[in-house]
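By convention in this document, chain letters (A, B, ...) are assigned in the order of the sequence lines, proteins followed by strands, and residues within each chain are numbered from 1.
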2 protein chains.
Amino acid sequence: MSATIKDVAELAQCSIKTVSRVINAEPHVTEATRNRVLAAIQTLDYAPNFSARRLVQRRAYMICVLLHEAGFYQSTILSKVLDIGYQQDYDILIQSYYPSHTKSKEKLEALVRERRVDGLVITPPCDVDPFLSDLLAQSGVPYVQITPLNRTPEVPYVAGDDYQGAYLMTERLILMGHWRIAFLSGPRNHRASIDRLYGYKAALEVYRVPARDDLVLESLYNFDGGHNAARIAMGLAEPPTAIFGGSDEAALGALFALQEMGVKVPEEVSVCGFDDLPQAQQVWPGLSTVAHPVDEIVERAIRMLISILTKREPESRQVVLPSRLVMRGSTAAPPPDLN
Amino acid sequence: MSATIKDVAELAQCSIKTVSRVINAEPHVTEATRNRVLAAIQTLDYAPNFSARRLVQRRAYMICVLLHEAGFYQSTILSKVLDIGYQQDYDILIQSYYPSHTKSKEKLEALVRERRVDGLVITPPCDVDPFLSDLLAQSGVPYVQITPLNRTPEVPYVAGDDYQGAYLMTERLILMGHWRIAFLSGPRNHRASIDRLYGYKAALEVYRVPARDDLVLESLYNFDGGHNAARIAMGLAEPPTAIFGGSDEAALGALFALQEMGVKVPEEVSVCGFDDLPQAQQVWPGLSTVAHPVDEIVERAIRMLISILTKREPESRQVVLPSRLVMRGSTAAPPPDLN
DNA sequence: TCCTCAATTGACAACGTTATCATTTATGCT
DNA sequence: AGCATAAATGATAACGTTGTCAATTGAGGA
């Protein structure tokens, strides 16, 4: 059985409150007393019991991060989440959340209602659906959303700039000489998806490149979607010279499809994506893509949540951070005979 | 402020102990009383406070899963870990652990010493190094290891059968007609790594295929290692017709290298790996590989730990589960002119 | 030396459960 | 009816902290 604060107090010849003060670095303790207490702590190998602290402070000291299935994008987020976990007093509880999954809902509800977590960070593609909305409103548990489907003034969020990222990539392709650029679009109810599409369209317009409806293809942002969309695109009378996947997963599917068809990338067709998944650099050729500053986004989100939890108003409750291009081998100028 | 057990007792006209009995499904409560209590719980929207329960039961109801950096293999594990989290009373705390990282050590030490976790699941490549060993011994926190570097009778573990998996794959390659099979080996201090190498060698011997030392190449099991090793292998006077990566990461590196060199896979050289990472099926051609039953391994490990935590002796403290082959497009018979 | 005020210290209540054991109530048997 | 026994219930003490506020100590000034 490990030592308690009482044992320490006894050994250090003082009250438990004084020991508590030393542990929590509160003022009003003489140097001499502090040293006695520290020595006693050392001797007894004492460590405060976290459950007791949690109970009396009515805080779980735990943040719940909602993740959809543990996929590629998620592992990037997770990596940073864990990294930040070190620096905070809060522990981080990963909870997977599928809107349709009854079990995950029950578990989450228990977590929130039993006060096992103080706050939530919601990561895409999770979002505040009616169930979450009810639960959060009813329990009053604070939360921060990462790249929400829709932005409303009440919801604190941190997001990457999808519009600007898509604009930059499309601009880059145009400047390379492409003017038949296919875009693999994603779910329509997703704000990021719409922003990316608009960023693409905006760049076309600015550079006076004719926009063709048949070059905007549904991909659902997944591998199979990109795969199918690329086959369709290449079957068009005037096929694209570049395929811009609204997500890397879709772009990878497209890349796979082109290679299946024997189309050379990037010599005949350029491919690029969005998200900068780790495997974007491990396929051949490396996938050019748009990177959100995921690390910074996650860090800002968690910090924002902690600010809210500790009643310090965060500097801003709505943050959008700029994206940047990551150019690799999958993009090049279009074949000259097609210009 | 949410309701407490006291409020429920008051409303239901009984003692808090009776409410506690109802909550925990203990016997000795009349149907009538139980209904009154349940009604009161409903009315007050009561949920028990977990921190209080933790304190009085001296349990954190939390299991810590030690992960190395959030990479590919980890996300597979994680996915299952989260899935299992639903089914248990225990919450799961992910903690990254780098032996050299002071911060991660400090955090882990705090978690264990402050009784914030009841037990640990250690996942590869994390292992019981001297620091962990001390910490675990001193605090007496139980743990289960997944595929330990070294197996000792005292340490409970769950592992995949690396020897058998490597044997099966090598056998398969031989039966396809390969007899110049390179093997990309991994860290020598890793049990799995050694088992895989021996499985490879055993199959060669059984089928009387001459073993060549120059075809066993160091790869460190990572992408770059595989990349380099493949280049070296293909530069040999008698290059291999198949490259068996001891890990998928190495195999992917090899695949990448071959494609860079313009070598056709699988027509000229076959490639296969070990681990069945998600992207093994997303490269072109799909990577043949050996799959550990990761889901089952993780599930068994967590169940084993919980058995130990609740003082029920698990059926077995050492479990090895069979691997299986996953054949995809990256393997084929060797070119006929080379046979 | 005494007084005032600030700094230090401590006694004890709270936090919301579960655990122990005594007490009350119901049941079955003679 | 009376008694033994089992079942249901409750009073109260933990669990190990932090928070409140009163008590004590020490320093500085008249």
Side-chain angles (χ1 to χ4, degrees), chain A residues 1-38 40-41 44-62 89 91 110 113-118 310-311, chain B residues 1-38 40-41 44-62 89 91 110 113-118 310-311:
Chain A
M1 192 77 339
S2 52
T4 74
I5 198 173
K6 221 169 159 180
D7 303 324
V8 176
E10 213 160 300
L11 182 58
Q13 303 269 40
C14 67
S15 72
I16 56 173
K17 180 63 213 186
T18 302
V19 177
S20 174
R21 276 192 261 264
V22 172
I23 297 168
N24 297 292
E26 287 171 31
H28 305 307
V29 183
T30 343
E31 193 61 21
T33 324
R34 163 184 267 83
N35 287 336
R36 274 209 325 282
V37 171
L38 288 176
I41 289 177
L44 296 173
D45 192 32
Y46 166 80
N49 180 310
F50 226 74
S51 297
R53 177 179 294 179
R54 284 181 163 121
L55 175 60
V56 73
Q57 304 213 106
R58 280 120 145 219
R59 292 238 210 115
Y61 282 107
M62 183 111 74
D89 290 337
D91 285 335
R113 301 196 58 234
E114 291 168 3
R115 313 260 151 218
R116 288 150 83 170
V117 298
D118 297 323
T310 51
K311 310 288 176 198
Chain B
M1 194 76 338
S2 52
T4 74
I5 199 173
K6 222 170 160 180
D7 302 324
V8 175
E10 213 159 302
L11 182 57
Q13 303 270 38
C14 67
S15 74
I16 57 174
K17 178 64 214 186
T18 303
V19 177
S20 174
R21 277 191 261 263
V22 172
I23 297 168
N24 296 294
E26 288 171 29
H28 305 307
V29 183
T30 343
E31 193 61 21
T33 324
R34 163 183 267 89
N35 287 335
R36 276 209 323 282
V37 171
L38 288 176
I41 288 177
L44 295 171
D45 192 34
Y46 165 81
N49 180 313
F50 225 73
S51 297
R53 175 178 294 179
R54 286 180 160 122
L55 175 59
V56 75
Q57 305 214 92
R58 283 121 142 214
R59 294 239 208 110
Y61 282 108
M62 182 111 76
D89 288 338
D91 285 335
R113 302 197 56 234
E114 291 169 3
R115 314 258 151 217
R116 287 150 84 170
V117 298
D118 297 323
T310 51
K311 310 287 176 199

Would you say a side-chain N or O of [X] is under 4.0 Å from OP1 or OP2 of [N]?
X: T33(A); N: dT9(C); value: yes
X: Y46(A); N: dT17(D); value: yes
X: Q57(A); N: dG19(D); value: yes

Over how many whole Å does the gap from [X] atom [atom1] to [N] atom [atom2] extend?
X: N49(A); N: dT17(C); atom1: CG; atom2: C1'; result: 14 Å
X: R53(A); N: dC15(D); atom1: CZ; atom2: P; result: 19 Å
X: L55(B); N: dG16(C); atom1: CG; atom2: P; result: 12 Å
X: R36(A); N: dG10(C); atom1: CZ; atom2: C1'; result: 13 Å
X: R59(A); N: dG16(C); atom1: CZ; atom2: P; result: 15 Å
X: R54(B); N: dT17(D); atom1: CZ; atom2: P; result: 16 Å
X: E10(B); N: dG16(C); atom1: CD; atom2: P; result: 14 Å
X: K6(B); N: dA13(D); atom1: NZ; atom2: P; result: 13 Å

Rounded to 10°, the helix from dT1(C)-dA30(D) to dT30(C)-dA1(D) deviates from straight, judged by its five-pair end axes, by 40°

Between Y46(A) and R113(B), the two heavy atoms sitting closest are O-NH2, 3.9 Å

Exercise: identify the closest heavy-atom pair between I5(A) and S20(A): CD1-N, 3.8 Å

Please name the residue in the list R54(B), R115(B), M62(B), E114(B) that meets the side-chain contact (heavy atoms from CB on, under 4.5 Å) test with F50(A). E114(B)

The side-chain contact (heavy atoms from CB on, under 4.5 Å) partner of C14(A) among V8(A), V37(A), V22(A), V29(A) is V37(A)

Give, ordered by number, those residues of residues 14-28 of chain A having at least one heavy-atom distance below 4.0 Å to an atom of DNA chain D; if nothing qualifies, reply none. I16(A), K17(A), S20(A), N24(A)

Assign S51(A) to base, sugar-phosphate, or nothing according to its heavy-atom contacts below 4.0 angstrom with the strands shown. nothing

Which atom pairs link the protein and nucleotides 23-27 of chain C when you take only N or O atoms and keep those under 3.5 Å?
none

Distance in Å, N49(B) CG paired with R116(A) CZ, rounded so as to fall on 0.5 Å steps: 11.0 Å

